[in-house]
K.L.:
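Below you'll find the structure I mean.
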Number of protein chains: 2
Amino acid sequence: MNPSTANIEEAILSAILAGRIPPGTRLGEQKLADLFGVSRTRVREAMMRLETRGIVQVSARRGWFVVEPSAEEAREAFQTRRVIETGLLQTVREVPPEVLASLKEHVAIERQAIETGDVSSRACLLGDFHIHLADALGNRLLTEIIRDLTARTTLISMLYQPTEKAEESSHDHEDIVAAMAAGDLAAAARLMDEHIGKVEAGLDLSSKPDPLASLRELLVPSTFTDVAPSMPHPHGTAAPHAHHHPSTKED
Amino acid sequence: MNPSTANIEEAILSAILAGRIPPGTRLGEQKLADLFGVSRTRVREAMMRLETRGIVQVSARRGWFVVEPSAEEAREAFQTRRVIETGLLQTVREVPPEVLASLKEHVAIERQAIETGDVSSRACLLGDFHIHLADALGNRLLTEIIRDLTARTTLISMLYQPTEKAEESSHDHEDIVAAMAAGDLAAAARLMDEHIGKVEAGLDLSSKPDPLASLRELLVPSTFTDVAPSMPHPHGTAAPHAHHHPSTKED
DNA sequence: CTTGACAGTCTTGTATACAAGATTGTGAGC
DNA sequence: GCTCACAATCTTGTATACAAGACTGTCAAG
């Protein structure tokens with residue numbers, strides 16, 4: 001079967017959100033075309049769509065890159081999420097019981113993934129909570145918007161090396177749902193505001209985004225960073241230029 | 001000079017928002033390409049971008065069409081606007097004086113356009129108020145989102161034959177700014193909610209969107225409808241099929 | 001006169017070819 | 001050894017060619 005433009009778009013997006021393609025990665029049209037078994041045309045279309053969604057950027061005649069939002073843009077993304085998500089909770093009059101049940105179930109799944117230590121799906125699930133919320137309380141249009149915004153902040157979290165407090169986030173989610181269950185939407189909105197604020201505060205936005213993040217991802221597998229505490233790689237310092245791990249080399 | 005993809009995108013969008021291209025209009029790639037003096041490729045890119053922004057839609061091998069949102073989608077668009085715009089006003093702590101001044105000036109321009117009877121720019125200005133607000137109080141990302149949403153609701157207004165209460169809308173805007181000036185953001189948010197509600201209520205969402213809107217626009221110039229009250233053309237009736245006005249025929 | 005099949009035309013979907021610019025590697029000059 | 005110019009290579013930007021499907025109009029049959 002031939003992957004359609006939408007398939008390609010979705011495949012790339014989910015790969016990015018799952019952390020398999022870190023911010024700053026170059027995405028060559030030809031390589032992707034070969035990979036998907038189609039011509040550059042379709043890949044280009046998918047990239048174009050992802051560009052309008054704020055996921056990738058094109059640098060003229062250099063290639064497509066996964067966006068690396070600046071600190072300013074990061075703040076904008078979080079502010080926007082605060083505006084919309086608190087707005088949603090404050091607009092809603094009452095929460096149907098099946099929505100509550102569904103949200104509670106989602107939080108339960110979150111906790112389970114955290115306890116199991118399933119790191120890969122963890123980040124996805126935490127973002128999904130907000131999408132789930134928009135879907136249940138709002139409408140498709142709003143959900144789309146929040147999905148793209150969440151994608152953006154997820155990307156930002158990868159870029160600014162957050163203090164990964166998955167457990168705390170999940171707890172926040174639980175509190176928000178509890179407030180909703182109590183019928184106190186205003187409180188839920190306040191909790192949501194604080195929650196997003198905490199996530200943002202957990203980032204080090206004063207630091208420049210690490211321009212070598214993608215290289216490091218490729219060259220320095222997690223086993224290395226875990227094992228070698230003598231090299232805490234502060235953001236701007238030289239990367240290991242000559243060494244490259246053979247098994248991660250791709251071409 | 002060669003219009004870039006962004007130029008084409010903007011040109012088409014503004015033509016739509018100015019009402020020169022009504023909802024449901026078919027936009028042929030080749031025609032647009034000839035018009036802009038470029039190849040289909042660039043036009044296609046622009047259309048693709050507009051599609052992800054929810055402005056046009058492609059029907060397989062039939063062509064691109066300016067979207068005609070369903071009643072359901074219309075409600076979603078207005079709900080989304082309510083969520084975001086009230087959310088914005090409630091998130092903001094205080095309004096800088098220069099922002100107030102700028103907004104007041106905008107409202108003044110609105111009133112002037114209404115008094116002058118400048119119909120063409122009127123709708124644009126009324127939508128611009130909300131975009132201006134987002135720009136002044138929020139950030140670029142939020143502004144982009146609201147711009148697209150406003151575009152969508154503007155399109156919806158065209159489609160569902162609103163009771164065009166430009167003066168009332170402008171008055172609402174004035175009230176909102178007044179509440180902001182008084183420092184009562186909660187009141188401003190409430191007024192905004194009511195304002196958007198009024199605009200939505202002014203539409204006849206129970207009626208199916210007129211599938212002949214675009215034809216009528218082309219075949220029955222306003223002079224005709226003004227002169228011939230004997231044909232009030234209720235939404236579903238037969239359109240003049242065999243007759244076509246020679247001067248509006250295009251090929 | 002109405003209805004249905006069919007061919008012709010038109011329009012998008014997709015691939016490919018070529019042009020233009022960016023990057024990288026090489027070698028000469030100092 | 002270091003720097004700068006230049007050529008080779010690679011990648012996107014744009015146009016064009018062709019294929020596939022949708023629509024329209026014609027013509028024959030009833």
Side-chain angles (χ1 to χ4, degrees), chain A residues 1-12 21 24-52 55-68 211-212 214-215 218 239 241-242 244 249-251, chain B residues 1-12 21 24-52 55-68 211-212 214-215 218-219 238-244 249-251:
Chain A
M1 68 162 223
N2 236 2
S4 74
T5 301
N7 292 148
I8 298 173
E9 187 181 349
E10 203 49 44
I12 294 177
I21 308 179
T25 306
R26 197 181 91 91
L27 299 170
E29 290 182 6
Q30 191 59 57
K31 272 192 185 171
L32 290 173
D34 294 344
L35 186 64
F36 287 106
V38 297
S39 87
R40 273 178 52 212
T41 308
R42 279 209 219 165
V43 172
R44 234 180 122 70
E45 280 183 8
M47 300 308 281
M48 215 79 81
R49 286 186 139 92
L50 287 175
E51 191 183 29
T52 69
I55 306 296
V56 303
Q57 253 180 333
V58 64
S59 175
R61 264 167 247 274
R62 276 172 31 79
W64 297 88
F65 296 84
V66 181
V67 291
E68 297 182 282
L212 304 167
S214 54
L215 265 183
L218 290 172
H241 204 281
H244 60 283
K249 184 163 178 278
E250 64 153 18
D251 60 331
Chain B
M1 64 160 226
N2 236 3
S4 74
T5 300
N7 292 147
I8 297 173
E9 187 180 351
E10 203 48 44
I12 294 176
I21 307 178
T25 306
R26 198 181 89 89
L27 299 170
E29 290 181 5
Q30 191 59 59
K31 273 192 186 171
L32 291 172
D34 294 344
L35 185 65
F36 287 107
V38 297
S39 89
R40 273 177 55 214
T41 309
R42 279 207 218 166
V43 173
R44 233 179 123 70
E45 280 183 8
M47 301 306 282
M48 215 79 82
R49 287 186 139 92
L50 286 175
E51 192 183 28
T52 68
I55 306 298
V56 302
Q57 252 181 332
V58 65
S59 174
R61 264 167 246 274
R62 277 174 27 82
W64 298 88
F65 296 85
V66 180
V67 292
E68 297 182 282
L212 304 166
S214 53
L215 265 183
L218 290 172
L219 301 178
H241 203 279
H243 309 87
H244 59 281
K249 185 164 179 278
E250 60 154 17
D251 58 331

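Note that the structure is predicted; figures quoted are calculated from it, not measured.
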K.L.:
At 4.0 Å (heavy atoms only), tell me whether R44(B) reaches a base, stays on the sugar-phosphate, or touches nothing.
P.N.:
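Here R44(B) touches the bases of the nucleic acid.
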K.L.:
Could you tell me whether the phosphate oxygens of dC23(D), OP1 or OP2, come under 4.0 Å of any side-chain nitrogen or oxygen in R62(B)?
P.N.:
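Looking at the OP1 and OP2 atoms of dC23(D), one of them is under 4.0 Å from a side-chain N or O of R62(B).
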K.L.:
Return the set of residues passing salt bridge (charged side-chain N to carboxylate O under 4.0 Å, His left out) with R44(B) (not counting sequence neighbours), or none when no residue passes.
P.N.:
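Salt bridge (charged side-chain N to carboxylate O under 4.0 Å, His left out) check on R44(B) returns E45(A), E29(B).
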K.L.:
For E10(A), enumerate each residue passing the side-chain hydrogen bond (donor to acceptor under 3.5 Å, both in side chains) test, keeping only those at least two apart in sequence or located in another chain.
P.N.:
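Applying side-chain hydrogen bond (donor to acceptor under 3.5 Å, both in side chains) to E10(A) gives none.
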K.L.:
Measure the CD1-CG distance between I55(B) and L27(B) for me, rounded to the nearest 0.5 Å.
P.N.:
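The CD1 atom of I55(B) sits 11.5 Å away from the CG atom of L27(B).
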K.L.:
Using the test side-chain hydrogen bond (donor to acceptor under 3.5 Å, both in side chains), find all partners of R62(A) that sit at least two apart in sequence or belong to another chain.
P.N.:
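Checked R62(A) against side-chain hydrogen bond (donor to acceptor under 3.5 Å, both in side chains); matches are S59(A).
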K.L.:
Between T41(B) and A60(A), who's closer to the 5' end of DNA chain C by nearest nucleotide?
P.N.:
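Taking each residue's closest nucleotide, the earlier one in sequence belongs to T41(B).
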K.L.:
Going 5' to 3' on DNA chain C, which nucleotide is the first and which the last to come under 4.0 Å of a heavy atom in chain B?
P.N.:
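With heavy atoms of chain B under 4.0 Å away, the range is dT11(C) to dT14(C).
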K.L.:
Could you tell me how far apart D34(A) (CG) and dT11(D) (C1') are, to the nearest whole angstrom?
P.N.:
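Between C1' of dT11(D) and CG of D34(A): 13 Å.
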K.L.:
Just to verify, what does R49(B) make a side-chain hydrogen bond (donor to acceptor under 3.5 Å, both in side chains) with, not counting sequence neighbours?
P.N.:
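Counting only residues at least two positions away or on another chain, R49(B) forms a side-chain hydrogen bond (donor to acceptor under 3.5 Å, both in side chains) with E51(A).
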K.L.:
According to side-chain hydrogen bond (donor to acceptor under 3.5 Å, both in side chains), who are the partners of Q30(B), at least two apart in sequence or on a separate chain?
P.N.:
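With neighbours one apart ignored, the set is D34(B).
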K.L.:
If you look at every strand shown and take non-hydrogen atoms under 4.0 Å, does R40(B) touch a base, only sugar-phosphate, or nothing?
P.N.:
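Touches a base.
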K.L.:
Using the closest heavy atom to pick a nucleotide of DNA chain C for each, name whichever of R61(A) or S39(A) lands nearer the 5' end.
P.N.:
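On the 5' side of the pair lies S39(A).
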